[in-house]
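Every chain is numbered from 1 and lettered A, B, ... according to where its sequence line falls, protein lines coming before strand lines. All values below come from the heavy atoms of this structure, side chains included, with hydrogens, waters and symmetry mates left out.
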Amino acid sequence: MSCPGWDPLSNCLPHRRFTMSERKIKYVPQEIEPKWQKRWVDSGLYSTVEDPSKEKYYFLTMLPYTSGDLHIGHWYAMAPSDTAARYRRMKGYNVFFPIGFDAFGLPAENAAIKRGIHPHTWTMDNVANMRRQLKTMGAMWAWDREAVTCLPEYYKWTQWFFLKFYEHGLAYKQEAPVDFCPQCNTTLAREQVWGDDRHCERCGTPVVKKDLNQWFFRITNYADELLDFSKIDWPERVRVMQTNWIRRSEGADVVFKTEQGDDMLIFTTRPDTLWGATFMVLAPEHPLVDKLTTPEQRAQVDEYVAQARRQSDIEREATDKEKTGVFIGAYAVNPVNGRRIPIWIADYVLMSYGTGAIMAVPAHDERDFQFALKFGLPILPVIKRTDGLSKSLVFPGSVKDLSAVEGKLGELGITWERKPVGALGDGLFVTLHGEAQTDAYIALLQAQILPGNWNEVVGTRFAFVFDDGAREFDSLEAGEAILARCKAIWPPVRDNRTLMEMLYHLEFYRDALFHADYGDMINSGAFTGTPGESAKRQVTAWLKQQGVGDLAVRYRLHDWLISRQRYWGAPIPMIYCDHCGIVPVPYEDLPVLLPEDAEFLPTGESPLVYHEGFLNTTCPKCGGPAKRETDTMDTFMCSSWYHYAYVSPYYQGDVPFDPEKGRYWLPVDQYTGGIEHATMHLMYTRFFTKAMRDIGLVDFDEPMKRLFNQGMILGEDSEKMSKSRGNVVNPDDLVATLGADATRAYLMFIGPWDEGGPWNSLGIEGISRFLNRVWEVVTGPIPEPKGQATDKDVAALRRITHQTIRRVTDDIEHFQFNTMLAALMEYNNYIVKAKNTPVAHTPAWDEAVRSLVLLVAPTCPHIAEELWEFIGGGYSVHQQPWPAWSEELAKEEAITLIVQINGKVRDRLTVPAGLPDDELKKLALESEGAKRYTEGLTVVNAIVAGGRLVNIVAR
RNA sequence: GCCGAAGUGGCGGAACCGGCAGACGCGCUCGCCUCAAAAGUGAGUGGAGGUUGCUCCAUGUGGGUUCGACUCCCACCUUCGGCACCA
């Protein structure tokens with residue numbers, strides 16, 4: 001073998017003898033890391049160039065908030081991203097890996113109040129410190145495109161977006177009950193209220209409801225499009241969370257007329273149950289409540305409304321709570337059958353969803369069912385069960401011959417149980433399936449029933465068998481008649497207000513009385529018999545034709561509330577004029593600057609409210625005196641478009657970013673960040689992009705093509721890191737002691753990136769050892785050869801080299817950094833041993849060392865650069881092409897053939913790779929282990945799997 | 001309650017599409033080196049038994065499918081995350 005051209009895939013260099021004098025003795029990360037970081041900056045290695053000749057790759061990691069100190073969590077999010085970005089670059093892409101700072105937000109303001117530091121000063125000091133800390137990571141960030149969101153040059157464009165959205169009807173102001181955080185003293189978007197105690201996403205304080213006039217973005221205009229993930233490759237988890245958050249419901253809007261003549265609009269997902277609507281329920285806050293309440297009910301209604309107001313949302317929304325409500329004295333008319341039905345108010349109906357009013361169909365809605373039972377409201381099944389189930393309890397003493405009934409049941413194939421009913425004696429608990437059984441059973445009851453008794457069948461059929469015949473419960477009137485008769489027969493049931501209430505007292509019947517299936521329509525006038533699959537569609541069409549309803553789609557998603565009653569944010573660029581009303585600030589007047597001389601007092605109120613200079617302005621329309629909007633924007637607005645800003649930060653043109661550069665870089669190819677933003681930032685930024693598209697700023701639909709969510713790094717105690725717990729790991733200390741490369745690599749080695757996991761201070765020592773061994777094997781002297789290297793040894797070394805290139809490549813592609821490092825460690829262990837053999841004097845050794853350094857480069861950029869220079873690779877290792885592998889060279893020449901007898905490993909044979917299956921079968925059957933374990937048995941079968949395992953089946 | 005993810009040695013975790021369970025690392029044990037220690041380095045390390053180049057048991061629990069199951073199916077338990085009277 002001769003070196004140049006000996007193999008096109010080899011990364012071979014002229015063979016080089018190392019001498020002790022040029023040998024670097026020790027790996028000292030503290031020396032090499034700053035050295036190379038400086039060199040990278042000085043040589044402009046990571047300056048951004050829009051190079052049309054290269055394929056671009058926009059790799060983005062969620063921007064950090066300017067908290068002041070870089071946390072190991074930042075490293076956990078950023079170091080693996082950098083590794084993947086560096087890998088892409090070596091693969092030949094023009095990689096854009098920008099960084100910036102999310103710089104507006106309440107902590108800055110709190111610092112101002114507490115310590116008298118201006119938020120701007122506090123923030124920019126933090127930015128400076130974080131920038132310094134970030135630079136120790138040795139990442140390939142495009143610092144030349146950094147953006148800080150609190151600078152006027154940036155927030156001018158955030159305000160510009162507000163104006164554009166306003167112009168396009170996507171921003172509006174409305175008085176509404178909104179969530180307010182008493183700790184942060186500001187309103188929050190619905191997405192920023194978390195957990196079952198409804199706490200503020202930032203500070204954890206439970207929120208309260210307030211009626212305020214606030215600015216909203218019409219994110220709901222895009223609800224359907226936001227539910228479409230077909231154009232992006234995002235994790236299932238995020239897609240599910242966003243889908244659940246938006247929650248689309250398809251149904252119908254139906255108008256019910258009140259007896260007073262008012263229109264009462266309700267939304268229902270079950271228009272097919274309209275004939276079963278036996279009462280209406282309004283949210284206590286519903287605007288019609290006051291108007292409709294009759295004088296007799298007034299006191300009770302007022303009391304209930306007041307009490308509902310007093311209650312917190314958590315109390316109100318507790319699902320296990322007993323239903324409460326009050327009849328308001330008024331009636332509505334069911335448009336499908338003209339039936340007069342009472343109107344109630346109850347707090348289980350929420351003003352914030354649908355129309356704040358519902359038709360109650362107690363037979364097919366769990367909540368309505370509970371409510372009807374409690375208040376004695378009528379219940380009529382109008383949808384047939386789909387499971388065909390019916391039940392019947394043959395009461396003790398109600399039939400002529402219980403044993404004869406049992407015998408007949410057995411003949412009919414009906415299941416029953418004979419059990420005592422209280423102290424009354426034995427009864428039969430009968431469960432029926434299907435029409436035929438039910439009919440036969442009713443006939444049997446009819447024949448057996450004693451005078452002065454009745455029995456009933458409930459479920460798919462509701463039939464009451466009296467001594468003079470059976471009566472079906474197929475209308476409310478029939479129900480009343482049946483109940484009256486039952487009361488006459490057996491006085492103990494006289495307290496029941498409805499037939500269902502009577503039946504509900506029997507535990508055995510409960511699961512048969514109510515269901516929410518889509519079944520065939522029953523008891524529904526002309527629609528009776530409409531099949532379940534088409535019932536909803538047919539009824540909706542008919543409603544539309546009748547002019548009393550129409551198809552409707554509702555979302556759980558609310559419009560995005562963006563007003564914040566804080567100073568440290570981008571001021572909403574709006575002006576209030578007594579003459580002209582709400583007037584937008586003209587584009588040429590942007591940015592609306594935050595006044596620097598604001599006073600920060602612990603009043604809880606925004607200093608802007610009292611700042612005369614800021615507050616007073618002139619109306620852009622009429623020139624008269626006017627007031628500015630004092631609310632600022634949700635900081636999620638800043639981060640909704642930052643990846644556009646990075647393309648040309650603080651752009652001076654007439655749009656927010658350079659269209660030319662945008663065309664080259666956008667959209668983001670790969671985004672990484674925490675899952676906690678699933679229904680906030682990640683939803684808002686999708687909305688922004690769609691709105692930007694409709695405004696004509698971009699020509700694509702989604703901001704980020706691929707997304708990966710990393711997990712969370714925990715303290716050594718497996719708890720969330722926090723100062724109070726004292727389990728915080730400081731990256732600065734790690735850089736100082738073990739180096740950035742070891743810290744980066746350890747974070748990637750902990751486990752799967754998307755799972756996160758606890759920090760382990762001994763674990764990182766292992767990585768440090770690994771790096772020392774890499775250093776040693778590359779820089780240490782090669783022992784004198786003891787003989788000639790054999791072709792076999794050379795092939796073995798090249799095999800593992802090429803296998804490792806393949807493994808590492810595949811792992812980085814899939815963000816499996818932990819197994820990537822395991823592969824590198826195995827590889828390093830191998831070549832450390834090989835170094836003492838004659839192969840260390842062959843070109844294959846050079847290939848191995850070069851490959852090792854190149855494969856380590858994305859993960860540990862500094863040590864790789866130093867070692868690359870040492871082996872004469874030239875500057876820079878990060879500009880080298882990623883090593884390629886040869887399948888041919890990576891192929892195993894021998895494999896371990898596993899011999900199993902009945903699924904248990906009984907022998908292992910070393911055989912040449914690629915033998916045909918029957919050959920493998922033969923070898924396996926002849927093996928020592930096979931013979932021993934099949935003795936006395938007959939070999940029934942032998943299965944060859946994957947060319948490396950034979951399972952012999954012997955009986 | 002509903003939806004989703006996950007349960008593998010002392011620990012973090014490997015195991016491609018159903019085919020050698022425990023890669024790699026930490027820790028631990030015993031060597032070497034050293035006056036000694038640290039560092040480094042060699043060997044071992046799932047459990048139980050044993051006649052010590054042997055057997056059995058093991059991937060949360062219990063069933064099932066299969067020649068063969070950490071992997072697929074059913075039920076259950078536990079943990080974590082999201083949603084929660086959404087009409």
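Closest to the A:Thr896 side chain, of the nucleotides B:A87, B:U41, B:C20, is B:C20. For A:Asn951, whose side chain is taken as the heavy atoms from C-beta onward, the closest listed nucleotide among B:C67, B:C26, B:A23 is B:C67. Listed candidates were B:C85, B:C24, B:C16. Nearest to the side chain of A:Glu826 is B:C24. Nearest nucleotide to the side chain of A:Arg367, out of B:C67, B:C24, B:C85: B:C85. Checking B:C85, B:A87, B:G25 against every side-chain atom of A:Lys323, the shortest atom distance belongs to B:C85. With B:A87, B:G19, B:G12 as the candidates, the nucleotide lying closest to the side chain of A:Leu949 is B:G19. For A:Met241, the listed nucleotide lying nearest its side chain is B:G82; candidates were B:C83, B:C24, B:G82. Listed nucleotides: B:G19, B:A84, B:C26. Nearest to the side chain of A:Asn760: B:C26. Of the candidate nucleotides B:G19, B:G13, B:C26, B:G13 has the atom nearest to the side chain of A:Pro752. Of the candidate nucleotides B:A87, B:C24, B:G13, B:G13 has the atom lying nearest to any side-chain atom of A:Asn818.
Pairing partner, B:C35: none, since no Watson-Crick or wobble contact has both distances short of 3.5 Å. Remark: B:G27 base-pairs with B:U45. Criterion, Watson-Crick or G-U wobble with two distances under 3.5 Å. Pairing for B:A58 is absent, with no Watson-Crick or G-U wobble pair whose two atom distances lie under 3.5 Å. Under the Watson-Crick and G-U wobble criteria, each requiring two contacts below 3.5 Å, nucleotide B:A84 is left unpaired. Nucleotide B:G7: paired with B:C77 (Watson-Crick or G-U wobble, both distances less than 3.5 Å).
Distances shorter than 4.0 Å separate some side-chain N or O of A:Asn829 from OP1 or OP2 on B:G25. A:Thr819 has no side-chain polar atom (N or O) that falls below the 4.0 Å cut-off from OP1 or OP2 of B:A23. Dashed line: the shortest gap from a side-chain N or O of A:Arg556 to OP1 or OP2 of B:A87 is not under 4.0 Å.
Between the NE2 atom of A:His364 and the P atom of B:C85 there is a distance of 23 Å, given to the nearest Å. If you measure from atom CE of A:Met825 to atom C1' of B:C24, you get 7 Å, rounded to the nearest angstrom. Note: CH2 (A:Trp753) to C1' (B:G13) measures 18 Å, nearest angstrom. In this structure, the CZ atom of A:Arg239 is 17 Å from the C1' atom of B:G81, given to the nearest Å. Protein atom CZ of A:Phe770 is 11 Å distant from nucleotide atom C1' of B:G25, rounded to whole Å. Rounded to whole angstrom, the span from the CD atom of A:Glu236 across to the C1' atom of B:G82 amounts to 13 Å. Following rounding to the nearest Å, A:Met712 (CE) and B:A5 (P) show an atom-to-atom distance of 19 Å. Rounded to whole Å, the distance from NZ on A:Lys833 to P on B:G42 is 7 Å.
Smallest separation of non-hydrogen atoms from A:Gln242 and A:Met683: NE2-N, 3.5 Å.
Of the candidates A:Val281, A:Ile266, A:Thr355, A:Val281 is the only one forming a side-chain contact (heavy atoms from CB on, under 4.5 Å) with A:Val349.
A centroid separation of less than 6.0 Å is found between the aromatic rings of A:Phe375 and A:Trp344.
Residue contacts shown for A:Glu366 are absent, as no nucleic acid heavy atom lies under 4.0 Å away. Within the 4.0 angstrom heavy-atom criterion, base atoms lie near A:Ile898. Among the protein residues, A:Arg906 comes within range of the sugar-phosphate backbone only, with heavy atoms under 4.0 Å from sugar or phosphate atoms but none that close to a base.
Comparing A:Lys904 and A:Gly757 against RNA chain B, the residue whose closest nucleotide sits nearer the 5' end is A:Gly757. Heavy-atom nearest nucleotides on RNA chain B were determined for A:Arg948 and for A:Gly195, and the one closer to the 5' end corresponds to A:Arg948.
At distances below 3.5 Å, not a single donor-acceptor pair connects side-chain atoms of A:Glu250 with backbone N or O atoms of A:Val553. Not one N or O on the side chain of A:Arg806 forms a donor-acceptor pair closer than 3.5 Å with the backbone of A:Trp885. Looking at A:His814, its side chain never comes within 3.5 Å of a backbone N or O of A:Gln816 through a donor-acceptor pair.
Here B:G10 is in the anti range [glycosidic angle more than 90° from 0]. Taking the syn range as angles within 90° of 0, the glycosidic angle of B:C17 is syn.
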For nucleotides 27-34 of chain B, give me one character per nucleotide, 5' to 3': B if any protein heavy atom sits under 4.0 Å from the base, S if the only such contacts are to the sugar-phosphate, - if neither.
S-------
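Contacts classified as side-chain hydrogen bond (donor to acceptor under 3.5 Å, both in side chains) and involving residues 756-765 of chain A (residues at least two apart or in different chains) are given here: A:Glu716-A:Ser761.
For the pair A:Lys323 and A:Tyr348, the cation sits on the ring face: its NZ or CZ lies under 6.0 Å from the ring centre, inside 45° of the axis.
Between B:G25 and B:A15, the two P atoms lie 16 Å apart (nearest whole Å). Going from the P atom of B:C11 to that of B:A23 covers 15 Å, rounded to whole Å. If you take atom P in B:A43 and the same atom in B:U61, they sit 35 Å apart, rounded to whole Å. Across B:C17 and B:C72, the matching P atoms stand 10 Å from one another, rounded to whole Å. For the P atoms, the distance linking B:U29 with B:G46 amounts to 16 Å, nearest Å.
With a 4.5 Å cut-off on side-chain heavy atoms, A:Asp741 and A:Val856 do not count as touching. For the pair A:Leu282 and A:Ile345, the minimum side-chain heavy-atom distance is below 4.5 Å.
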